[in-house]
Amino acid sequence: MDDLFAMQECNLMCLPENYQMKYYLYHILSWPQLLYVAEDYNGRIVGYVLAKMEEEANECHGHITSLAVLRTHRKLGLATKLMTAAQSAMEHVFGAEYVSLHVRKSNRAAFNLYTETLKYKIHDVEAKYYADGEDAYDMRKMLKAKPIAHHHHHGHGCCGGAGGGADSAHAGAHAGAAAGAVVQGAKP
């Protein structure tokens with residue numbers, strides 16, 4: 001629970017889109033493999049990625065709900081490490097075909113991260129997507145294509161996940177990052 005409160009605090013400090021605690025709980029209970037945090041040397045959460053799986057018709061894809069890194073820890077590669085960890089889990093645990101996200105048209109720093117570093121492409125523009133009326137880019141990144149004849153069925157459709165459970169979150173990326181931060185699975 002401490003990680004979830006720290007994620008919520010990071011969200012409040014970084015982004016205009018904020019979520020109630022029940023939304024974080026919903027994500028960690030439904031997709032524990034897709035929540036990652038970046039911590040400094042003192043164990044303080046300085047960034048997070050909140051992600052989920054979505055099923056639409058015959059395609060299974062992941063969606064980045066929220067990504068934030070404290071201003072004091074930006075430009076260190078943490079956002080890239082968080083995103084890479086979530087994307088990898090979407091592909092390898094859930095068999096996602098692609099990852100989607102929304103970003104404010106005015107958020108040039110995030111847009112550059114997604115397009116230049118992470119290789120997302122604009123799929124569409126959603127008018128007045130945000131509560132304040134700003135438009136969003138609907139962006140997508142294709143993951144490794146699945147063989148056409150191969151279908152994933154894990155009990156809950158294509159996005160049911162293999163394995164799963166709360167312990168899967170702890171198997172997340174423990175890659176060291178600059179300025180004394182590590183990226184790891186969030187703890188409930």
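Since we're looking at a predicted model, the values are computed, not measured. Side-chain atoms are counted along with the backbone in the values below, which use heavy atoms only and exclude waters and symmetry mates. Along the sequence shown, the residues carry numbers beginning at 1.
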Measure the [atom1]-[atom2] distance between [X] and [Y] for me, rounded to the nearest 0.5 Å.
X	Y	atom1	atom2	value
D138	H102	CG	NE2	4.0 Å
L50	Y36	CG	OH	13.0 Å
I28	K52	CD1	NZ	16.0 Å
L78	L70	CG	CG	9.5 Å
Q33	M53	CD	CE	10.0 Å
T80	M83	OG1	CE	8.5 Å

_When you compare the side chain of E54 with that of H61, does any pair of heavy atoms fall below 4.5 Å?_
yes
- Item | Note, M139 side chain near L118 side chain (heavy atom, < 4.5 Å) | no
task = Apply side-chain contact (heavy atoms from CB on, under 4.5 Å) to the pair Y137 and N107, showing each step before the final yes or no.
result = CA-CA 10 Å; Y137 288 120; N107 191 342; over 6 Å; no
How far apart are the C-alpha atoms of M90 and L34, what are their side-chain angles, what is the distance that settles it, and do they pass the side-chain contact (heavy atoms from CB on, under 4.5 Å) test? CA-CA 7 Å; M90 288 173 184; L34 300 181; 3.7 Å; yes
Residues L35, V49; criterion side-chain contact (heavy atoms from CB on, under 4.5 Å); working and verdict: CA-CA 6 Å; L35 274 69; V49 62; over 6 Å; no
Under a single-linkage definition using a 4.5 Å side-chain heavy-atom cutoff for Ile, Leu, Val, Met, Phe, Trp and Tyr, are [X] and [Y] assigned to the same hydrophobic cluster?
X	Y	answer
L82	F111	yes
M142	Y114	no
Y129	L101	no
L143	I64	yes
Y120	I122	yes

Check whether any side-chain N or O of [X] sits under 3.5 Å from a backbone N or O of [Y] as a donor-acceptor pair, and report yes or no.
X	Y	result
N42	R44	no
H73	V69	no
E134	S106	yes

Shortest non-hydrogen contact from [X] toward [Y]:
X	Y	answer
K144	E91	CB-OE2, 2.9 Å
A51	A86	CB-CB, 4.5 Å
V103	A110	CG2-CB, 3.7 Å

| task | For the pair S100 and H123, evaluate side-chain hydrogen bond (donor to acceptor under 3.5 Å, both in side chains) and give the outcome as yes or no after the intermediate values. | result | CA-CA 9 Å; S100 65; H123 176 72; over 6 Å; no
For R74 and L113, run side-chain contact (heavy atoms from CB on, under 4.5 Å): C-alpha distance rounded to whole Å, both residues' side-chain angles, the deciding distance at 0.1 Å, then the answer. CA-CA 12 Å; R74 291 184 186 166; L113 169 72; over 6 Å; no
